[in-house]
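The block underneath contains the structure these notes are about, expressed in structure tokens.
Letters A, B, ... mirror the listed sequences (proteins, then strands); counts begin at 1.
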2 protein chains.
Amino acid sequence: MDLKALETFVWVAHLGGFRTAADRLNATQPAISARIAQLEEELGVRLFDRESRRATLTEKGLNLLGYAERMLALRSEMVQAVAEKGSMRGIIRLGVAESIVHTWLSRLVERLHYLYPAVSLEIEVDTSFVMREELLAHQLDLAFLVGPITEPQLKSVPLCSYELAWVASPSLPLPPEPVPLKDLARWPIITFSRNTRPYGAIQEMFSGGDMPAVRLFGNSSLATVVRMTLDGIGVSAIPPVIISRELTDGRLKVFQAEEPLPRLDFVAAYAKKPDSLMAATIVSLAAEVAATPTAGISL
Amino acid sequence: MDLKALETFVWVAHLGGFRTAADRLNATQPAISARIAQLEEELGVRLFDRESRRATLTEKGLNLLGYAERMLALRSEMVQAVAEKGSMRGIIRLGVAESIVHTWLSRLVERLHYLYPAVSLEIEVDTSFVMREELLAHQLDLAFLVGPITEPQLKSVPLCSYELAWVASPSLPLPPEPVPLKDLARWPIITFSRNTRPYGAIQEMFSGGDMPAVRLFGNSSLATVVRMTLDGIGVSAIPPVIISRELTDGRLKVFQAEEPLPRLDFVAAYAKKPDSLMAATIVSLAAEVAATPTAGISL
DNA sequence: ACAACTGATAAAAATTTTTTATTGACTTGC
DNA sequence: GCAAGTCAATAAAAAATTTTTATCAGTTGT
């Protein structure tokens, strides 16, 4: 009776499939099959109904799930109680909003590697919207994203709050501040991609009936947004903190518009599972790192 | 983090040595070393002090022990809750008093094998005295022995109660019954070995100041006792139930002496450990089997 | 000092687990 | 209804792991 098999079982149960669990656990599907088969053989009981599309738990399986989770929780507790700090090991799937990549992520990674050399990260950069889904689907262990998080299945911890500002190249012939919205709309507005807080806020801003049409360039790469803004293609709405260098050397400037932009409140979020010790540990480290300011992108 | 490693750890802790644990777990000493090393490496913590003769737990080790036991207990509970009856598997070390061997042990083994084909037995026949020690030292999982058991660490369940009687060959020129002790002492008294209830009882019986000297032949094999009695070497004090055949065909006979012999109350006993599910299961089966009478030795 | 213990260790053997590659059973979209 | 796609099962090979064998070095008790 292997803990690895039990863990696999829990993941298959949660994700509803062998294949998905295999991806999630960095293993191949036959390996997952083998582990579940071992468990079923040892217990002499069928744990999943594989008939339908989604592998569903049998009654016995459901029964086992509770025990398996208690078992894994107990293991976590045990490890926390007796393990040397720094002997924590494993792989954690981390989703990160791009703003974080450009502010303090590398410092966190460094510090993490120093304190917990046996912990591997699998970092995925995506929008908060996508990452929230992935957290709920247990495809991410932990994410740093724009809050607030309201899902009760997720635990969230505030990390940092960044101002969002209008930014343009000094070469752009902007009218005197505060720039009215109709003047702003003369240029494309370059910002985060669709399905993000800033994109939505700006879209809303220009959604009134008498508002000028606006060209909104959603972009999945912040570096590209910065590049395009530097090139004078348009104005952008991004957190100034990630372009501190460009601001100090005058290649970009923040300006006031008629309409203010919302702040971005970043939080760390992870599933409230019994064994999310590693996530919790990383979160507190992240909170610490996020509290100290940093340099941004330099292009 | 392997359950096998945790189980090994618990055994080493209980038995106070790698070698002893190796024997107990049917493994070699290097295998035990490897499992403990794995645990220590994963936790980044030393679990045993190996300096002195006896491997003793470190502080961390003591801390782990509690968790490990809870873990194993939870596993037992889990298996009990979801496993198909009959899928119980493992090796259990069973100590058996010889009287049991000659009455119902084989029926138990048969029935056990039928109901739980994956359970192996390692049967050791010894005196109740020795087996009690071995139970306390965790060298036996379960024993069927002469009760009562007073140790609080052990759980005991009554199994059967057998009369102990004076037995002789009909060819032996015994005086009219009840035979006085001084006449009895003319022959060697053949019975169980030293450190057994019957041996002690008889020794006591002849211990008064004015008692005749008695030749007490303690024998570790009941079959030998029966053989010697059949051969008219002396009288014996054994449970008639194991020689029912010899009694019916008249090759042996029970006779009354001046002094009655005590009954032998057999019980099943096992250590009160959190994961003694298998022992408990076997005990209830044994109680069932022991309740139905049986044939004895046939020589 | 020596015999009888202890556990550690290296190398070989055995076992278990994982992967690769393929299959058959089912959905699903057309 | 049929092709395409997805699911898990399976066999064989490869990889990783665990266990054994054999030996060592250190204590302990005589």
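Rounded to an integer number of Å, the gap from E42(A) CD to dT17(C) C1' is 14 Å. The CD1-P distance, from I36(B) to dG7(C), rounds to 11 Å in whole Å. Atom CZ in R46(B) sits roughly 10 Å away from atom C1' in dG7(C) (whole-Å rounding). The CG atom of L57(B) sits 13 Å away from the P atom of dG7(C) (whole-angstrom rounding). One can place CG of L47(A) at 12 Å from P of dA9(D), the figure rounded to the nearest angstrom. Rounded to whole Å, atom P of dA25(C) lies 23 Å from atom CZ of F48(A). To the nearest angstrom, C1' of dT19(D) lies 14 Å from CG of L25(B). Residue Q38(A) contributes atom CD, which lies 14 Å from atom P of dA9(D) at whole-angstrom precision.
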**OP:** Decide side-chain hydrogen bond (donor to acceptor under 3.5 Å, both in side chains) for E69(B) and H14(B); before the verdict, give the C-alpha distance in whole Å, the side-chain angles of both, and the deciding distance to 0.1 Å.
**Re:** CA-CA 11 Å; E69(B) 284 178 332; H14(B) 274 138; 3.3 Å; yes

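The side chain of R35(A) has dT18(C) as its nearest neighbour among dT18(C), dA8(D), dT20(D). Taking only side-chain atoms of T28(A), from C-beta outward, the nucleotide of dT19(C), dA8(C), dT18(D) with the closest atom is dT19(C). Out of dA21(C), dA8(D), dA10(C), the shortest distance to the side chain of P30(B) is found at dA10(C). Taking every side-chain heavy atom of R50(A) into account, dA8(D) is the closest of dT20(D), dA8(D), dT10(D). Considering only side-chain atoms of F18(B), the nucleotide from dT17(C), dA9(D), dA8(C) that sits closest is dA8(C).
Using a 4.0 Å cut-off, no side-chain N or O of S33(A) falls inside it from OP1 or OP2 of dA8(D). Contact between the side-chain N/O atoms of K4(B) and the OP1/OP2 oxygens of dT19(D) is found at a separation under 4.0 Å.
For Q29(B) and S33(B), the side-chain atoms include at least one donor-acceptor pair closer than 3.5 Å.
The base of dA8(D) sits within donor-acceptor range of the side chain of R19(A), with an N or O pair under 3.5 Å.
A 4.5 Å side-chain heavy-atom check between L154(A) and Y270(A) finds every atom pair outside the cut-off.
Checking N26(B) against Q29(A), the closest nucleotide of DNA chain D that is more toward the 5' end is the one next to Q29(A). The nearest heavy atom of DNA chain C to A34(B) and to T20(B) marks one nucleotide each, and the one closer to the 5' end goes with T20(B).
Between R75(A) and E7(A) there is a salt bridge, with a side-chain nitrogen of the basic residue lying less than 4.0 Å from a carboxylate oxygen of the acidic one.
Classification of the F18(A)-F48(A) ring pair by plane angle, with boundaries at 30° and 60°, yields perpendicular.
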